[in-house]
**Q** 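Could you have a look at this structure, given as structure tokens, before my questions?
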Amino acid sequence: MARTGGFQDDDFWTEFHKRSADAGADVTYVRADAREYEAPGGFDVVLNMFTAFGYFEDPADNARVLRMMYACLAPGGTLVLDLAGKELLARRVTPPKVVRRGDDLMVQTDTVLDEWARLRSEWVLVRGERVTRATLTWFVYSAVELRRMAEEAGFGRVEVFGGFDGRPYDEDAERLVLRAVREA
């Protein structure tokens with residue numbers, strides 16, 4: 001099976017498979033490049049959780065991912081896309097955040113890029129004598145931008161919420177949760 005990014009640890013995936021089997025759930029797990037994976041009409045639900053969208057360097061690739069999600073849904077199928085919307089990030093991008101847990105120290109620095117088209121987050125973890133650095137850069141989308149992208153991908157009914165409980169996407173929102181249906 002090709003490994004193209006994301007969670008690579010076999011123990012991680014083994015645990016998911018075990019939990020599904022223990023719950024008696026019929027689940028299909030796929031590791032593939034989201035821009036190229038094809039299973040026309042193969043799924044009733046596509047979940048994209050915890051801001052796992054927008055990481056391709058070319059914004060056209062992010063739009064392509066939405067089109068592939070649409071194509072993979074059966075008629076009447078639902079896409080749930082959960083991310084930190086641009087509006088939420090605008091409230092949270094602050095000077096560097098410093099977190100101390102015991103002897104560990106973590107510093108997170110967020111930088112707005114390209115007039116709010118992208119965001120770069122840099123983390124430095126100091127654990128004893130060891131220093132680990134990580135950087136992520138991704139495209140950030142407002143609710144309006146994401147709705148338009150979903151509609152352009154073919155989705156007919158698109159709704160935006162401020163949390164998984166269906167609350168409005170407003171100044172009190174915790175997340176940007178988009179639900180889009182592939183109409184029959």
Side-chain angles (χ1 to χ4, degrees), residues 2-9 12-13 31-37 46-70 79-153 155 158-165 167-180:
R3 295 182 179 204
T4 58
F7 295 105
Q8 305 277 325
D9 185 280
F12 179 87
W13 290 107
R31 281 191 278 183
D33 186 323
R35 296 167 295 185
E36 298 174 6
Y37 179 75
V46 172
L47 298 174
N48 188 284
M49 307 298 288
F50 199 60
T51 310
F53 180 78
Y55 287 92
F56 290 106
E57 291 181 24
D58 183 346
D61 283 337
N62 296 317
R64 184 175 176 194
V65 169
L66 280 174
R67 289 192 305 274
M68 295 307 286
M69 291 175 176
Y70 176 86
L79 164 67
V80 176
L81 183 60
D82 158 55
L83 51 91
K86 192 180 292 188
E87 301 88 350
L88 301 173
L89 291 167
R91 294 191 320 234
R92 296 180 184 157
V93 172
T94 60
K97 300 169 194 82
V98 179
V99 177
R100 182 177 292 279
R101 284 214 174 107
D103 293 333
D104 295 345
L105 178 71
M106 195 274 299
V107 179
Q108 178 183 346
T109 305
D110 294 325
T111 305
V112 173
L113 304 171
D114 308 325
E115 300 172 339
W116 272 105
R118 298 181 308 138
L119 189 73
R120 180 177 58 232
S121 287
E122 299 173 276
W123 295 275
V124 177
L125 174 63
V126 179
R127 179 171 278 156
E129 297 294 317
R130 185 174 172 206
V131 176
T132 305
R133 298 176 190 278
T135 301
L136 286 174
T137 301
W138 72 98
F139 282 88
V140 292
Y141 299 100
S142 69
V144 169
E145 291 167 330
L146 197 59
R147 174 189 296 276
R148 185 188 73 246
M149 288 175 69
E151 290 169 347
E152 288 173 357
F155 290 97
V158 179
E159 300 171 286
V160 175
F161 302 99
F164 290 107
D165 58 0
R167 73 181 68 185
Y169 188 67
D170 60 16
E171 68 278 359
D172 297 319
E174 295 176 0
R175 304 288 300 161
L176 190 166
V177 179
L178 178 133
R179 180 173 63 194

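We count residues from 1, following the sequence as given.
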**Q** Using every non-hydrogen atom in the two residues, find where Leu119 and Leu113 come nearest and quote the distance to one decimal.
**A**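 Nearest heavy atoms, Leu119 then Leu113: C-CD1, 4.5 Å.
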
**Q** How far apart are the closest heavy atoms of Glu87 and Ser142, and which atoms are they?
**A**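 In terms of heavy atoms, the two residues are closest at OE2-CB, 3.1 Å.
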
**Q** Answer whether the closest heavy-atom distance between the side chains of Leu146 and Val160 falls below 4.5 Å.
**A**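 Side-chain contact under 4.5 Å: no.
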
**Q** Has Asp82 got a side-chain atom pairing as donor or acceptor with Phe50's backbone, closer than 3.5 angstrom?
**A**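 Present.
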
**Q** Search all heavy atoms of Ala84 against all heavy atoms of Leu89 and return the closest pair with its distance.
**A**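 Looking at all heavy atoms of both residues, the closest pair is O-CD1, 3.5 Å.
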
**Q** Can you see which heavy atom on Val177 is nearest to which on Gly163, and at what distance?
**A**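 Shortest heavy-atom separation between Val177 and Gly163 comes out as CG2-C, 3.9 Å.
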
**Q** For a 4.5 angstrom cut-off between non-hydrogen side-chain atoms, does Leu178 reach Tyr169?
**A**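 Answer no - side chains too far apart.
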
**Q** Rounded to the nearest 0.5 Å, what's the gap from CZ on Arg120 to CG on Asp110? Could you check?
**A**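 Taking CZ in Arg120 and CG in Asp110, the distance rounds to 10.0 Å.
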
**Q** Let me confirm one number: the CG-CZ distance from Leu125 to Arg130, rounded to the nearest 0.5 Å.
**A**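 Rounded to the nearest 0.5 Å, the CG-CZ separation comes out at 8.0 Å.
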
**Q** Should we count CD of Glu57 as having more than 12 external heavy atoms under 6.0 Å?
**A**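 No, because the 6.0 Å sphere around CD of Glu57 holds 12 heavy atoms or fewer from other groups.
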
**Q** Ala180 and Val158: which non-hydrogen atoms are nearest, and at how many Å?
**A**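 Distance-wise, the nearest heavy atoms are CB-CG2, 4.1 Å.
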
**Q** Roughly how far, to the nearest 0.5 Å, is OG1 of Thr109 from CD of Glu122?
**A**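 That separation rounds to 6.0 Å.
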
**Q** Kindly compute the distance separating CE (Met106) from NZ (Lys97), expressed to the nearest 0.5 Å.
**A**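 Rounded to the nearest 0.5 Å, the CE-NZ separation comes to 8.0 Å.
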
**Q** Rounded to the nearest 0.5 Å, what separation is found between the CZ atom of Arg35 and the CE atom of Met68?
**A**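 Reported to 0.5 Å precision, the distance equals 11.0 Å.
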
**Q** Around atom CG of Asp114, are there more than 12 heavy atoms of other residues, nucleotides or ligands at under 6.0 Å?
**A**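 Yes.
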
**Q** Does Arg91 use its side chain to pair, donor to acceptor, with the backbone of Glu171 at less than 3.5 Å?
**A**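 Yes: the side chain of Arg91 pairs with the backbone of Glu171.
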
**Q** Per the ring pair (Phe, Tyr, Trp, His ring centres under 6.0 Å) rule, what does the pair list look like for residues 87-143, sequence neighbours excluded?
**A**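 Applying ring pair (Phe, Tyr, Trp, His ring centres under 6.0 Å) to every pair that reaches into residues 87-143, excluding sequence neighbours, yields Phe53-Tyr141, Tyr55-Trp138.
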
**Q** Can a salt bridge be assigned to the pair Arg167 and Glu174 using a cut-off of 4.0 Å between side-chain N and carboxylate O?
**A**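 Salt bridge flag = yes for Glu174 with Arg167.
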
**Q** Taking all atoms of both residues into account, what is the closest heavy-atom pair of Pro168 and Ala173, and its distance?
**A**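 Nearest pair, atom of Pro168 first, then Ala173: O-CB, 4.1 Å.
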
**Q** How long is the span from the CD atom in Gln108 to the OG1 atom in Thr94, to the nearest 0.5 Å?
**A**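 Spacing of CD (Gln108) from OG1 (Thr94) equals 8.0 Å.
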
**Q** Sort out for me which residue in Leu176, Leu66, Val46 forms a side-chain contact (heavy atoms from CB on, under 4.5 Å) with Leu81.
**A**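 Looking at Leu176, Leu66, Val46, the match for Leu81 under the side-chain contact (heavy atoms from CB on, under 4.5 Å) is Leu66.
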
**Q** Enumerate the salt bridge (Lys or Arg N to Asp or Glu O under 4.0 Å) contacts for residues 135-153, please, sequence neighbours excluded, ordered by first and then second residue.
**A**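 Residue pairs with at least one partner in residues 135-153: Lys86-Glu145, Arg148-Glu152.
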
